[in-house]
> 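What follows is a single structure, and I will ask about it in a moment.
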Number of protein chains: 2
Amino acid sequence: MPGKTPATSGAGPRKRSDARRNEQALLDAAAAAFVATGIDATVREIASRAGVGIATIYRHFPTRADLVVAVFRHQLDALAAASDGADGGTPLDALRSWVGRFADFLITKHGLAEALHSDQAGFESLHAEFVDRLLPVLDALLQDCAKNGQVREDVRAYDLMLAIGNLCIGADTFPDYRSRDMIDLLLTGLTAPGGH
Amino acid sequence: MPGKTPATSGAGPRKRSDARRNEQALLDAAAAAFVATGIDATVREIASRAGVGIATIYRHFPTRADLVVAVFRHQLDALAAASDGADGGTPLDALRSWVGRFADFLITKHGLAEALHSDQAGFESLHAEFVDRLLPVLDALLQDCAKNGQVREDVRAYDLMLAIGNLCIGADTFPDYRSRDMIDLLLTGLTAPGGH
DNA sequence: TGCGAAGCGGAACGGTGCTCCGTATATTGG
DNA sequence: CCAATATACGGAGCACCGTTCCGCTTCGCA
């Protein structure tokens with residue numbers, strides 16, 4: 001497994017100041033490039049935006065995909081934390097609103113959903129990161145609903161998470177496709193009594 | 001638009017015999033390569049399997065994506081025709097069974113679902129071909145169900161088709177993902193009364 | 001202030017899809 | 001049956017991708 005992004009490892013021997021500066025510049029530049037060009041911005045564009053050489057990317061991130069992971073890591077944390085905002089509604093309301101935020105997140109970052117489930121080399125770590133951070137959240141929301149009998153219990157959180165992510169694909173490639181409607185439809189199916 | 005695959009255009013001035021032979025060899029070789037390697041088999045592999053040069057591919061198909069379209073075209077026809085086999089069941093049964101065949105088709109061809117909804121250049125024609133051939137079929141099935149009041153009427157066939165296709169993504173990249181369960185869940189949502 | 005180690009830039013490599021051009025061959029008029 | 005010509009061919013070459021290599025620069029500490 002490629003993983004092992006710098007940000008992950010606890011404080012090792014402190015890095016040189018220029019190295020720390022460049023790493024942050026790369027994260028900022030990559031975020032900007034992903035917004036402007038999409039997730040598939042080239043490493044040359046990112047390096048150029050950051051004002052560093054190409055090799056500097058690879059000194060800080062094992063691979064292009066790991067840079068993508070690093071850029072979205074803290075946004076992923078925010079998304080994971082956003083499940084607590086279940087202010088007053090039913091567990092099902094909480095689930096619905098969090099799923100909505102999840103979808104917004106994926107749709108807003110052009111190409112993220114596509115990359116997440118792509119079979120292209122290197123993106124397994126992106127997938128793994130999403131699963132690690134978000135699956136527990138979705139699972140908890142789902143179990144709350146199940147306790148209240150609001151959803152059927154034969155649906156696995158993992159399947160649901162990938163399905164929702166998949167439904168976001170194409171949202172900005174095909175303007176006529178209404179991904180959020182389809183996510184609603186999926187959630188409707190979740191609340192139906194239909195047994196095994 | 002790139003389209004304009006040779007097979008589409010009606011009989012123009014008859015081509016040379018070796019040209020016809022090579023075109024068929026390319027279609028066969030590509031089909032074999034897609035099974036063995038996946039949709040992302042390289043043009044060099046396909047040319048090599050067909051025993052022709054690389055340029056010969058581009059003499060017959062404007063782009064690699066158009067070759068993919070051509071390979072799946074007749075299989076698409078078979079799939080479109082498969083909707084008539086609604087032997088005795090309800091319209092909803094017919095819908096379910098056809099959707100099942102659609103999903104099998106996408107999942108079996110490794111990488112097809114991914115390519116279908118990818119934003120990568122050139123695959124718009126693949127998307128268009130699927131929509132042209134299959135959307136009318138799905139729409140008819142859906143309207144039959146609606147006549148019987150078996151499905152809600154506020155769901156567009158186009159959205160449903162893309163959604164089902166999307167749910168197939170990752171079926172062979174992530175072995176734990178049960179795409180068919182999620183398609184069932186979506187269809188369950190479709191049969192629920194929930195209005196707008 | 002000097003010096004080793006850590007970090008750097010950009011040329012270079014192997015891999016794509018696609019194009020160009022000199023060569024070979026199928027077809028057809030004599 | 002044989003030339004002459006349009007048509008088709010093969011593979012080297014191009015531009016672009018992610019990634020690696022290596023000689024040079026800069027940081028940080030004694």
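These numbers come from the heavy atoms of this one structure, side chains and all, not from hydrogens, waters or symmetry mates. Just so we're on the same page: letters track the sequence lines, and every chain starts at 1. Because the structure is predicted, anything quoted here is derived from the model rather than measured.
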> Take B:Glu45 and B:Arg49, measure what side chain to side chain contact (heavy atoms under 4.5 Å, CB included) needs, and give me the verdict at the end.
CA-CA 6 Å; B:Glu45 174 186 346; B:Arg49 279 177 183 267; 3.0 Å; yes
> Are OP1 or OP2 of D:dG10 and a side-chain N or O of B:Thr56 less than 4.0 angstrom apart?
yes
> Is it the case that the side chain of B:Asp77 and the backbone of B:His74 share a donor-acceptor pair, with hydrogens and angles ignored and the cut-off at 3.5 Å?
no
> When the distance from CG of A:Asp18 to P of D:dG28 is rounded to whole Å, what number comes out?
7 Å
> Could you list where the contact with chain B starts and ends along DNA chain C, reading 5' to 3', using a 4.0 Å heavy-atom cut-off?
C:dT16 to C:dT27
> Pick the nucleotide of DNA chain C nearest each of B:Arg20 and B:Arg44; which residue has the one closer to the 5' end?
B:Arg44
> Looking only at side-chain N and O atoms, does A:Gln150 offer a donor or acceptor that is under 3.5 Å from a partner on A:Thr191?
no
> Just checking, any donor-acceptor pair under 3.5 angstrom between side chains of A:Asn22 and A:His60?
no
> Which label fits A:Phe130 and A:Phe105: parallel for a plane angle under 30°, tilted from 30 to 60°, or perpendicular past 60°?
tilted
> Kindly write out the residues that satisfy ring pair (Phe, Tyr, Trp, His ring centres under 6.0 Å) with B:Phe174, not counting sequence neighbours, or none if the list is empty.
A:His127
> May I ask you to evaluate whether B:His60 reaches the phosphate of D:dC9, defined as a side-chain N or O under 4.0 Å from OP1 or OP2?
yes
> Between B:Arg21 and B:Tyr58, name the one whose nearest nucleotide on DNA chain C is closer to the 5' end.
B:Tyr58
> Could you list all N or O pairs between the protein and nucleotides 2-5 of chain D that sit under 3.5 Å apart?
none

> Can you measure A:Arg59 atom CZ to D:dT19 atom P for me and round it to whole angstrom units?
15 Å
> CD1/B:Ile183 to CG/B:Leu190 distance, rounded to the nearest 0.5 angstrom?
13.0 Å
> Measure CD1/A:Ile46 against P/D:dT19 and give the value in whole Å, please.
11 Å
> Sort out for me which residue in A:Asp144, A:Val151, A:Leu142 forms a side chain to side chain contact (heavy atoms under 4.5 Å, CB included) with A:Pro91.
A:Asp144
> Tell me the interatomic distance from B:Arg14, atom CZ, to D:dA8, atom C1', rounded to whole angstroms.
16 Å
> Given D:dT7, D:dT19, D:dC9, identify the nucleotide with an atom nearest to the side chain of B:Arg16.
D:dT7
> Check the distance between D:dA8's P and B:Leu26's CG and give it to me in whole angstrom.
14 Å
> Between A:Lys15 and A:Glu23 (salt bridge meaning N to carboxylate O under 4.0 Å), is one present in this structure?
yes
> Give a yes/no on whether any side-chain N or O of B:Asn22 is located under 4.0 angstrom from OP1 or OP2 of D:dA8.
no
> Compare side-chain N and O positions of A:Thr42 against OP1 and OP2 of D:dC16 and report whether any pair is under 4.0 Å apart.
no
> Determine the contact category for A:Ala55: base if any of its heavy atoms lies under 4.0 Å from a base atom, sugar-phosphate if only primed atoms, P, OP1 or OP2 are that close, otherwise nothing.
base
> Would one find a side-chain N or O of A:Thr63 under 4.0 angstrom from OP1 or OP2 of D:dG18?
no
